[in-house]
Amino acid sequence: MKNNIIKLGLILAAFAVVACASLAVVYQVTEPAIASQAQDALNSSLKELFPEATSHEDIKGAVSSSDETVKIEEAYLVKNDLAPLGVAIKATTASYKGPATVLIGVRLDRSITGVHILEMSDTPGLGANAASSTYYVDKAKKITFPGQFTGKYITDKFEVKTDVIPITAATVTSKAITKAVKVASASAGEYLQAMALGTAAPSAISGASQEAAQPAAEATSGASATSSGSATTQPAKPAAETTSGASQ
Amino acid sequence: MSEEGKDTRSFWQVFKAGLVFENPLLVLMIGLCSSLAVTSNVSNGIGMGLAMTFVLLFSEIFISAFRKLIPNGARLPIFIIIIAAFTTIVDLVMKAYFPDLSKSMGVFIPLIVVNCIIMGRVEAYSSKQRVVSSIADALGMGLGYTWVLIVISAVRELLGNGTFAGIQVMPVSYTPILFFILPPGGFLVFGLLISANNAIKRSINKRETLAAKQVSDQQKAKENA
């Protein structure tokens, strides 16, 4: 009896080893194709959001979500040569049957260039209509569910049934996608705000030099009184205060 | 394994049984969950049917070929390993080369592993039969599953969405009957198909008994003469 169990276990293990080995081979073959599919999908989505885009820069570390149920997966600063065009954010939130991933684009003027639903596993024919290119929430104008966000401003309400048309019989999905778009676009807005301040600072100093000069002078005089150990941090500190002074 | 319970039917007879008389969905009524869940459009129906047929075919071939090496005491876990391996292959291949289809089928491709049709056929048939009969059984059952899926999904997509395989077929003025896309619509269409299949079976049986009766009547007439 004992021998029999060991024998069965060994045979089972042999089958498992063969199965694992063959799966490893298939994985090796398909893995680059799956990765390039994902990369192609990202590139073409960015291109659709910003047709004039030529490059993008990863800015994930600089963008944070204001809502813990919406997770920012990826964030890109999309550029045409060196001029920034806007921000694209890939965000994930819980939808009806699992996570839904959306990609949104926000222009420098804070308008949404488009929303793409990259991944979702909601009910085919209902929630999955959110990702369908032939399902129109506005049949007369042929506007798809994600299509209706195009042209909205990030300061809009984003409320289902007031300014967002829901998908019939898929309220949970509609709300989840809308929330993801709202939170992600707000994050994009914050980044653009910070970027505008960062890049606007040199030109702002000349315009607001009178106001900016004083806190900066104070900061340096205050800092000079402290120990010289923090000398390396001093140049950054007044500069930060200069920008905040200019924004007011 | 003894060769006594060997299936003596021809390849074509075994294949045909899966299509109509022992159709896994309409007669055996196993594996219904995925078949109702994915059939809201035709491309899903075709994709699911073919993925299922692939897994069924290769699992049956493998298990039938190795049936003498698979010990009776550990057969179920071994079946599951083999089925899971082929399902994962289908899943990876679909993700790599048919990303749209893979996306729209979602979790139902990995769930083929626990589909009762495969487990049922492997346990009841291919673990006892020759490879050739197992191929016939797998193709019959797989295509029997596929055609039912295609019919259900065609009806549901046409009435529930006004399209066929994503192409608008119904006039624009047609208001889709959402009921057919929802789960109850799936059950309704499925029920109607079962009754249609029963009607087909009955008429075939009637014709065969009538033919048999005629033959016996003629023989009786001859005897009387």
Side-chain angles (χ1 to χ4, degrees), chain A residues 1 4-38 40-41 96-101 117-129 131-136 139-140 142 167-170, chain B residues 37-41 43-45 62 66 69-100 102-108 153 156-157 160-163 166-168 172 175-176 178-183 185-186:
Chain A
M1 183 63 196
N4 196 28
I5 287 175
I6 293 168
K7 193 183 153 205
L8 288 183
L10 285 176
I11 293 173
L12 186 57
F15 273 95
V17 166
V18 173
C20 286
S22 51
L23 278 186
V25 172
V26 175
Y27 181 77
Q28 284 296 327
V29 172
T30 54
E31 202 264 322
I34 294 174
S36 79
Q37 290 281 4
D40 284 356
Y96 188 67
K97 258 192 194 166
T101 307
I117 293 171
L118 299 179
E119 273 167 40
M120 73 183 313
S121 46
D122 285 2
T123 325
L126 292 171
N129 277 338
S132 160
S133 58
T134 50
Y135 178 86
Y136 303 119
K139 279 200 177 146
K142 294 210 164 186
I167 299 163
T168 314
Chain B
V38 300
T39 51
S40 54
N41 68 63
S43 33
N44 274 4
F62 246 72
F66 290 107
L69 291 176
I70 298 174
N72 204 33
R75 67 184 196 285
L76 291 182
I78 289 173
F79 293 167
I80 291 175
I81 288 174
I82 293 173
I83 297 168
F86 283 113
T87 307
T88 314
I89 290 172
V90 170
D91 193 30
L92 289 174
V93 168
M94 273 178 89
K95 270 193 189 138
Y97 306 109
F98 306 97
D100 295 335
S102 164
K103 230 178 256 180
S104 75
M105 313 258 269
V107 74
F108 289 102
S153 57
R156 289 180 71 187
E157 190 185 347
N161 203 25
T163 57
I167 302 151
Q168 188 77 35
V172 183
T175 312
L178 192 67
F179 172 76
F180 283 100
I181 290 288
L182 294 170

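By convention in this document, chain letters (A, B, ...) are assigned in the order of the sequence lines, proteins followed by strands, and residues within each chain are numbered from 1. Values in this document were obtained by computation on a predicted structure and should not be read as measured data. Heavy-atom basis, side chains included; hydrogens, waters and symmetry copies ignored.
Heavy atoms of Ile117(A) lying under 4.5 Å from chain B are absent altogether. Heavy atoms of Pro99(B) lying under 4.5 Å from chain A belong exclusively to its side chain. In this structure, chain B has heavy atoms under 4.5 Å from both the backbone and the side chain of Thr30(A).
The neighbour count for Phe86(B) CZ, taken as heavy atoms of other residues, nucleotides or ligands under 6.0 Å away, is above 12. Atom CZ of Phe15(A) sits in a crowded spot, with more than 12 heavy atoms from other residues, nucleotides or ligands closer than 6.0 Å. Applying the 6.0 Å contact sphere to CZ of Phe98(B) captures no more than 12 heavy atoms from other residues, nucleotides or ligands.
Nearest heavy-atom pair across Lys95(B) and Gln37(A) is O-CG, 4.2 Å.
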- [ ] Could you go through the side chain to side chain contact (heavy atoms under 4.5 Å, CB included) check for Leu12(A) and Ile81(B) one step at a time?
- [x] CA-CA 9 Å; Leu12(A) 186 57; Ile81(B) 288 174; 3.7 Å; yes
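We find the CD1-CG distance between Ile181(B) and Asn129(A) to be 7.5 Å, quoted to the nearest 0.5 Å.
The shortest distance between side-chain heavy atoms of Leu92(B) and Ile34(A) falls below 4.5 Å. Within the 4.5 Å cutoff, the side chain of Thr88(B) has no heavy atoms near those of the Tyr27(A) side chain.
The residue from Val29(A), Leu23(A), Val25(A) that alone fulfils the side-chain contact (heavy atoms from CB on, under 4.5 Å) condition with Ile89(B) is Leu23(A).
Note on Ala84(B), Ala74(B), Pro183(B), Ser102(B): by heavy-atom pairs under 4.5 Å with chain A, the leading option is Ala74(B).
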